[in-house]
Amino acid sequence: MASGGSVDLEDVPSLDLMTELLRRMKCASKPDKRLILIGPPGSGKGTQSPIIKDEYCLCHLATGDMLRAAVAAKTPLGVKAKEAMDKGELVSDDLVVGIIDEAIKKPSCQKGFILDGFPRTVVQAEKLDEMLTKQGTKIDKVLNFAIDDAILEERITGRWIHPPSGRTYHTKYAPPKVPGIDDVSGEPLIQRKDDTAEVLKSRLEAFHRQTEPVIDYYNKKGVVSQLHAEKPPKEVTSEIQKSLS
């Protein structure tokens, strides 16, 4: 245990050890789950994934973060990924699947995982399935955060921010007292570049073009759960729990 620069358990505070032991005991009885979250920007995946992760003791695999971590740690795959990025190329699907393959062998992924932001294309889905089949597992559920583009547009393009304080407003759900002005300082509010209708429109178009086929692919396998992602977060959470029980 103490090799390779890892921690000697004698040095870990008792409370931390007990907390981790209790977590593992609670997790031991949970069924394994391998999940994919699919949904457009603003559909609420980011709100729900920590809840699912804790409830089912899964590890959260955000492929962007994992790539950055592999590059920083200079793992063999990370070195390859960095070479591609330095040339301005996309990191190959095989590389990303390889990084996922490495990650899911970690103890924290024993009970399964939540994949977020991958697969984005049918080819990626096929490669992922191939790799999981080799390990004797498969995807249990694909949670589809289905939401109307018009609702997303209203959700996202209504957001205004006061940058110095980080206060956020929404023209419909949490409007400032005076339109375009921060309640506290009286300074003007701005919209983030990503929150404009044009940017959202191109992101949504890309999402539908690439990702609808992925949903069809998993539909044929009978593992897709349609969520009503326009509902309040608590209701979406209980929909997810029903579909996973």
Side-chain angles (χ1 to χ4, degrees), residues 35-54 60-68 90 96 114-122 124-125 141-219 224-241 243:
L35 312 175
I36 294 173
L37 306 191
I38 292 184
S43 59
K45 299 193 312 267
T47 306
Q48 300 297 335
S49 59
I51 302 172
I52 309 169
K53 173 182 184 281
D54 290 346
H60 180 239
L61 305 178
T63 42
D65 299 343
M66 289 156 64
L67 267 175
R68 282 186 284 278
L90 279 176
V96 179
I114 298 168
L115 254 183
D116 188 352
F118 191 92
R120 282 175 199 260
T121 64
V122 172
Q124 289 176 348
K141 266 281 185 264
V142 174
L143 298 173
N144 181 21
F145 285 70
I147 187 165
D148 202 271
D149 285 2
I151 298 171
L152 272 185
E153 186 167 339
E154 181 184 73
R155 258 190 201 181
I156 289 180
T157 57
R159 293 197 288 213
W160 288 82
I161 303 175
H162 179 245
S165 68
R167 277 187 289 276
T168 56
Y169 298 89
H170 192 285
T171 40
K172 180 173 176 185
Y173 304 112
K177 294 191 182 79
V178 179
I181 300 293
D182 176 50
D183 287 354
V184 181
S185 67
E187 291 168 356
L189 300 174
I190 65 145
Q191 260 200 317
R192 287 209 319 241
K193 285 200 301 289
D194 284 357
D195 290 350
T196 59
E198 300 81 85
V199 173
L200 177 67
K201 196 164 177 282
S202 69
R203 285 177 74 186
L204 282 176
E205 274 167 11
F207 172 78
H208 291 305
R209 192 176 59 245
Q210 289 185 324
T211 315
E212 300 291 323
V214 176
I215 295 168
D216 293 341
Y217 171 84
Y218 285 112
N219 250 331
V224 176
S225 275
Q226 292 280 4
L227 304 171
H228 297 86
E230 78 286 345
K231 288 183 174 172
K234 278 203 169 54
E235 290 180 37
V236 177
T237 302
S238 62
E239 269 190 25
I240 291 171
Q241 284 169 336
S243 85

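The stretch residues 173-184 participates, sequence neighbours left out, in these side chain to side chain donor-acceptor pair (under 3.5 Å) pairs: Glu154-Tyr173, Arg167-Asp182, Tyr169-Asp182, Asp182-Ser185.
Within the model, atoms CD1 of Ile52 and CD1 of Ile114 stand 5.0 Å from one another, a figure rounded to the nearest 0.5 Å. In this structure, CG in Asp149 is found 3.5 Å from NE2 in His208, a value given to the nearest 0.5 Å. Note that the CG atom of Leu143 and the CG atom of Leu227 stand 5.5 Å from one another [nearest 0.5 Å]. Between the CD1 atom of Ile38 and the CG atom of Leu115 there is a distance of 10.0 Å, given to the nearest 0.5 Å. Separation of atoms CD (Glu230) and CD1 (Ile151) is listed at 5.0 Å; rounding is to 0.5 Å. The CD1 atom of Ile161 lies 5.0 Å from the CZ atom of Arg192; values are rounded to the nearest 0.5 Å.
By the neighbour-count criterion of 12 heavy atoms within 6.0 Å, atom CZ of Arg120 is sparsely surrounded, having that number or fewer from other residues, nucleotides or ligands. Applying the 6.0 Å contact sphere to NZ of Lys53 captures no more than 12 heavy atoms from other residues, nucleotides or ligands.
Evaluation of the salt bridge (charged side-chain N to carboxylate O under 4.0 Å, His left out) rule for Lys231 yields Glu239 as partners, not counting sequence neighbours. Annotation: side chain to side chain contact (heavy atoms under 4.5 Å, CB included) contacts of Glu205 (sequence neighbours excluded): Lys201.
Between Ser49 and Asp116 the shortest heavy-atom distance is OG-OD2, 4.5 Å. Across all non-hydrogen atoms, the minimal contact from Ala125 to Pro119 is N-CB, 3.4 Å. Considering every non-hydrogen atom in both Gly117 and Thr63, the closest pair reads O-OG1, 3.6 Å. Closest non-hydrogen pair, Pro41 versus Leu152, comes out as O-CD2, 3.4 Å. Here the closest non-hydrogen pair linking Val236 and His228 is CG2-O, 3.6 Å. Scanning both residues, Thr47 and Pro233, for their nearest heavy atoms gives CG2-CB, 4.3 Å.
Side-chain atoms of Gln191 come within 3.5 Å of backbone N or O of Thr157 as a donor-acceptor pair. Between the side chain of His60 and the main chain of Pro50, no donor-acceptor pair closer than 3.5 Å is present. Between the side chain of Thr211 and the backbone N or O of Val214, no donor-acceptor pair lies under 3.5 Å.
Annotation: side chain of Ser165 is not in contact with side chain of Val184 (no heavy-atom distance under 4.5 Å). A heavy-atom distance below 4.5 Å is not found between the side chains of Arg159 and Thr168.
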- Message: Please determine whether side chain to side chain contact (heavy atoms under 4.5 Å, CB included) holds for the pair Phe145 and Ile240, giving the CA-CA distance in whole Å, both sets of side-chain angles, and the decisive distance to 0.1 Å.
- Response: CA-CA 10 Å; Phe145 285 70; Ile240 291 171; 4.1 Å; yes
